[in-house]
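One structure is given here, and the rest of the page talks about it.
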Amino acid sequence: LYPSHGDNSEDLVRHADLAMYQAKLAGRNTYRMYEPAMTDELTRQLLLESDLRLALEREELAVHFQPILEVASGRLAGAEALLRWYHPQRGAVAPSEFLPLAEETGLIRDIGAWVLEQVCRTLEQWRGIGLDLPVAINLSSAQVLRGMSVDALKGVLERYRLAPQALVFEIAEDVLLADGPHIRQWLENIRQLGIRLDLDDFGTGYSSLSCLKRFPIDRVKIDLSFVRDMVQDSNDRSLVEAILALSRILQLEVVAEGVETREQFDLLRDLGCGYAQGFLFSPPVSATEFVGVARRLGALPD
Ligand code: C2E
Ligand code: MG
Ligand code: MG
């Protein structure tokens, strides 16, 4: 906008470009108006991007694990792998900050392969001490779209002598929205291999209900925003109930994310939700710390 965003064509185009860059980072299909702060933001992003390239080599990335419990029994039923980046100067950088960058730059491929390798290695170690649990790995649409190859997956599983049932892939609704035959085929191949599929952050995206039927999904994860307020807010509670009812009809399992309080847990149990995950049981912790958590939850002898 002339003249508020610049008083010459060069500045205007450069600032428009910055705004476009931000819109892309926000996941595309959206718009941003230029703001002066974007210039600083871009510098920060560019620095972060070059650091992220080095992060893998410098071993600054780590995979943490958060327990998933069976609600009825309180039994430890699995874990979700969550990526962490410990930047030497910035400290812990949140996945929401660096994953969009990783996707934009294609780095997500190497990072995703590394996460898979770490998870399999951890599963092998845990199995050695008698801890046998499925672990869920998050896949972003960029990873699915560029197709992590099914053969490569088989190779990794074989190398660690793991059954495909040891892994779950969590995909978000935007993956289903892309809905090419290519994606459905990939998901079907994964499912056929024996790796289960969870639909993450359910209720926040734009996927239609028919997606749940058309794709080979095993489980939906109710987004933590609904769980957070379900005790106080009857709308959120109704939404959770609706998701549970729908899942029952479609014979899908349900995990409630972000369970922080006893009240939430009790309500979920009363509503018949199958699985729960959240700070109430444990935050995401390192593979070593997770062994202690498993012990506390009764999945391993003291
Ligand atoms: P997500 O898969 O929906 O993961 C759940 C997020 O909720 C995690 O945030 C987790 O730390 C957080 N959380 C768990 N319990 C609670 C709770 O009780 N209360 C609250 N407020 N939050 C809770 P995190 O670790 O920051 O991860 C954010 C997102 O980044 C994940 O959302 C996932 O979409 C993505 N992500 C994480 N690791 C990976 C990865 O290895 N690959 C890919 N492609 N994406 C990843
Ligand atoms: Mg997830
Ligand atoms: Mg989620």
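For the numbers below, each heavy atom of this structure counts, side chains included, while hydrogens, waters and symmetry mates do not. Just so you know, ligand 1 is whichever comes first in the structure, and atom 1 is the first atom listed for that ligand. Quick note: residue numbers are just sequence positions, from 1.
- Listed by number with element, the atoms of ligand 1 under 4.0 Å from a non-hydrogen atom of E260 are 17 (C), 18 (O), 19 (N), 20 (C), 21 (N).
- Aromatic ring centres of F265 and F281 lie closer together than 6.0 Å.
- The closest approach between H64 and ligand 1 stays at or above 4.0 Å for every heavy atom of the residue.
- Within a 6.0 Å radius of CD in Q232, other residues, nucleotides and ligands contribute more than 12 heavy atoms.
- I190 is listed as a side-chain neighbour of L153, based on a closest heavy-atom distance under 4.5 Å.
- The Mg ion (ligand 3) has D201 among its coordinating residues (N/O/S atom, backbone or side chain, under 2.8 Å).
- If you look at E80 and ask which of its N, O or S atoms sits nearest the Mg ion (ligand 2), the answer is OE2.
- Distance check for D198 against the Mg ion (ligand 2): none of its N/O/S atoms falls below 2.8 Å.
- If you check which protein heavy atom lies closest to atom 46 (C) of ligand 1, you get L99 CD1, 3.3 Å.
- The atoms of ligand 1 that sit less than 4.0 Å from any heavy atom of L224 are 7 (O), 22 (N), 23 (C).
- With a heavy-atom cut-off of 4.0 Å, L280 does not touch ligand 1 at all.
- What sits closest to atom 32 (O) of ligand 1 on the protein, heavy atoms only, is D200 OD2, 4.6 Å.
- Within the 2.8 Å limit, D200 places at least one N, O or S atom next to the Mg ion (ligand 3).
- Here's the thing with L83: one of its N/O atoms is less than 3.5 angstrom from an N/O atom of ligand 1.
- Neither the backbone nor the side chain of R228 comes within 4.0 Å of ligand 1, counting heavy atoms alone.
- F279 N, 2.8 Å is the protein heavy atom nearest to atom 18 (O) of ligand 1.
- Protein heavy atom in closest approach to atom 27 (O) of ligand 1: P95 CG, 3.6 Å.
- Residue contacts with ligand 1: A94 is excluded, as none of its non-hydrogen atoms falls under 4.0 Å.
- Side chain to side chain, E117 and Y160 meet the donor-acceptor criterion of an N or O pair below 3.5 Å.
- Of the polar atoms of Q277, none of the N or O atoms is found under 3.5 Å from an N or O of ligand 1, judged by distance alone.
- For R296, the CZ atom sits in a packed shell: over 12 heavy atoms of surrounding residues, nucleotides or ligands are nearer than 6.0 Å.
- Atom 10 (C) of ligand 1 has L82 CD1, 3.8 Å as its closest protein atom, hydrogens excluded (heavy atom only).
- V220 and V259 fall within the same hydrophobic cluster, defined by Ile, Leu, Val, Met, Phe, Trp and Tyr side-chain heavy atoms under 4.5 Å apart, directly or through other members.
- When distances from the Mg ion (ligand 2) to the N, O or S atoms of E170 are compared, OE1 comes out shortest.
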